[in-house]
Amino acid sequence: MNRARLTLLLVQIRDNPQTRDEEWRSFAQFCGLKPEQIRILNLFDTPQFGPEVLAGVDGVLVGGSSEASVLEPENYPFVVPAMALLRHCIDIKMPVFCSCFGHQLAVRALGGEVIRDQRDFEMGTVAISLTDAARDDVLYHDMPEGFMAVSVHRERALTVPQGCTLLAYTEPCTHSFRVDGAPFWTTQFHPEVDRAVLIARLTQFAHHYTDGEDHLREVLDSAVETPLSNDLLRRFVDRVLLAD
């Protein structure tokens, strides 16, 4: 497979035009691809869809969301078809990388539980712990313990679904798993977000995540660079898509 010939599908769950563009370009940057190599399926624009959206793509990315919840399919009608799409990808062994909302979507799609925190949720840059299983994983085997990653989420999964292997975690929640027997990985943290984007996004959505200006400043002042977590997307391209 030639890198320049790859085409990925980004399943995007963003309603804000600025964030749509930023997320698309960030995924392209950290995958080491040109933006035009990433096709977008925005679920706010196209809430009903089927496996036909996979035609002509080599892999799937699923992004985050500040505007939707996997726990409210009655309010966000795209949740159910999105879960069905992820299960279909597993069945046909389509390579998939899910981030944040995508992680929670995969948990629910595979029969796991997601809960919501009204306060004291992860926000900013956090240290990620690795399981023993990560040492044998194609993406994580040479990642150091305690690498830093951007994590901003009000919903979380305490355990991974049956048939999946936990790879990374923090004390409050699971942070990454792979589906056994399929090229399918998830991260609760954001490998597509670096410190600069975190600052811009938290400033934009401060009303949603912070308790005022002092809280926002505290989070932003403590944020650090996250080059190792950002590199996971390049690893997915290099070690999974191009290896095939």
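Remember, predicted model here, so these are calculated numbers, not experimental data.
Between Phe236 and Cys31 there is no side-chain heavy-atom pair separated by less than 4.5 Å. Between Ile92 and Leu54, some side-chain heavy-atom pair lies under the 4.5 Å cut-off. A 4.5 Å side-chain heavy-atom check between Phe30 and Val193 finds every atom pair outside the cut-off. Here the side chains of Phe189 and Val150 are not in contact, with every heavy-atom distance at 4.5 Å or above. Looking at heavy atoms from C-beta onward, Val11 lies out of side-chain contact with Val53 at the 4.5 angstrom threshold. Residues Ile128 and Ser229 fail the side-chain proximity criterion, which asks for heavy atoms closer than 4.5 Å. Between Val197 and Ser26 there is a side-chain heavy-atom pair separated by less than 4.5 Å. The closest side-chain heavy-atom distance from Ser69 to Asn75 is not below 4.5 Å.
Around atom CG of Asp132, no more than 12 heavy atoms belonging to other residues, nucleotides or ligands sit under 6.0 Å away. Residue Glu74 places its CD atom among more than 12 non-hydrogen atoms of other residues, nucleotides or ligands, all under 6.0 Å distant. More than 12 heavy atoms of other residues, nucleotides or ligands shown are found within 6.0 angstrom of CD on Glu145.
There is a side-chain donor-acceptor pair under 3.5 Å between Gln188 and Gln104. Residues Tyr76 and Ser65 bring no donor and acceptor atom of their side chains to less than 3.5 Å of each other.
The two atoms that bring Asp58 and Pro95 nearest to each other are O-CD, 3.6 Å, heavy atoms only. Nearest heavy atoms, Thr170 versus Ala127: CG2-O, 3.5 Å. Closest approach of Ile40 and Gln12 over heavy atoms only: CG2-OE1, 3.6 Å. Closest approach of Arg178 to Leu167, counting heavy atoms only: NH1-CD2, 3.4 Å. Nearest approach of Val138 to Arg239, heavy atoms of both residues: O-NH1, 2.8 Å. The shortest heavy-atom contact between Leu130 and Phe147 is CD2-CE2, 3.8 Å.
Taking CG of Asp137 as the start and CZ of Phe177 as the end, the distance is 12.5 Å to the nearest 0.5 Å. Here Phe78 contributes atom CZ and Thr46 contributes atom OG1; the two are 11.0 Å apart, rounded to the nearest 0.5 Å. Between the CG atom of Leu228 and the CE atom of Met148 there is a distance of 10.5 Å, given to the nearest 0.5 Å. Note that CG of Asp180 is 3.5 Å distant from OG1 of Thr165, once rounded to the nearest 0.5 Å. The CG atom of Asn230 sits 8.5 Å away from atom CD of Glu192, with the distance rounded to the nearest 0.5 Å. Interatomic distance, Leu158 CG to Ile115 CD1, rounded to the nearest 0.5 Å: 4.0 Å.
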One pair to check against side-chain contact (heavy atoms from CB on, under 4.5 Å): Val160 and Val107. What are the steps and the verdict? CA-CA 7 Å; Val160 302; Val107 170; over 6 Å; no
Please test Phe97 against Val62 for side-chain contact (heavy atoms from CB on, under 4.5 Å), starting from the C-alpha separation and ending with a verdict. CA-CA 6 Å; Phe97 194 111; Val62 185; over 6 Å; no
Stepwise side-chain contact (heavy atoms from CB on, under 4.5 Å) test for Leu232 and Met143: CA-CA 9 Å; Leu232 278 172; Met143 288 285 280; 4.3 Å; yes
Begin from the C-alpha positions of Thr174 and His103 and carry the test side-chain hydrogen bond (donor to acceptor under 3.5 Å, both in side chains) through to its verdict. CA-CA 9 Å; Thr174 66; His103 170 84; 3.3 Å; yes
Show, in sequence, the C-alpha distance, side-chain angles and deciding distance for Asp15 and Arg20, and conclude whether the side-chain contact (heavy atoms from CB on, under 4.5 Å) test is met. CA-CA 7 Å; Asp15 205 22; Arg20 289 185 184 206; 3.7 Å; yes
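Phe184 is not connected to Leu61 by any chain of hydrophobic side-chain contacts under 4.5 Å among Ile, Leu, Val, Met, Phe, Trp and Tyr, and they are in different clusters. One hydrophobic cluster holds both Leu8 and Trp185 under the rule that ILVMFWY side chains link at heavy-atom gaps under 4.5 Å. No single ILVMFWY cluster, assembled from side-chain heavy atoms under 4.5 Å apart, contains both Val237 and Val57. Under the 4.5 Å side-chain contact rule for hydrophobic residues, Leu242 and Leu233 share a cluster. Cluster annotation: Phe27 and Val60 are assigned to distinct hydrophobic clusters (Ile/Leu/Val/Met/Phe/Trp/Tyr, side-chain heavy-atom contacts under 4.5 Å, transitive).
The backbone N or O of Leu166 lies less than 3.5 Å from a partner atom in the side chain of Thr131, making a donor-acceptor pair. For Thr7 (side chain) and Gln37 (main-chain N/O), no donor-acceptor pair under 3.5 Å exists by modelled atom type. Side chain of Arg195 to main chain of Thr226: no donor-acceptor pair is present (N/O by atom type, distance under 3.5 Å, no hydrogens or angles). A donor-acceptor distance shorter than 3.5 angstrom exists from the side chain of Arg235 to the backbone of Leu139, with no hydrogens or angles considered. Counting only distance, with no hydrogens or angles, the side chain of Arg87 and the backbone of Ala109 share a donor-acceptor pair below 3.5 Å. A donor-acceptor pair is defined here as one N or O able to donate and one able to accept, closer than 3.5 Å; such a pair exists between the side chain of Arg156 and the backbone of Pro172. With hydrogens and angles disregarded, a donor-acceptor distance shorter than 3.5 Å links the side chain of Glu52 to the backbone of Gly50. Between the side chain of Arg14 and the main chain of Gly63, no donor-acceptor pair closer than 3.5 Å is present.
Electrostatic pairing of Glu72 and Arg116 counts as a salt bridge here, judged by a charged N lying under 4.0 Å from a carboxylate O.
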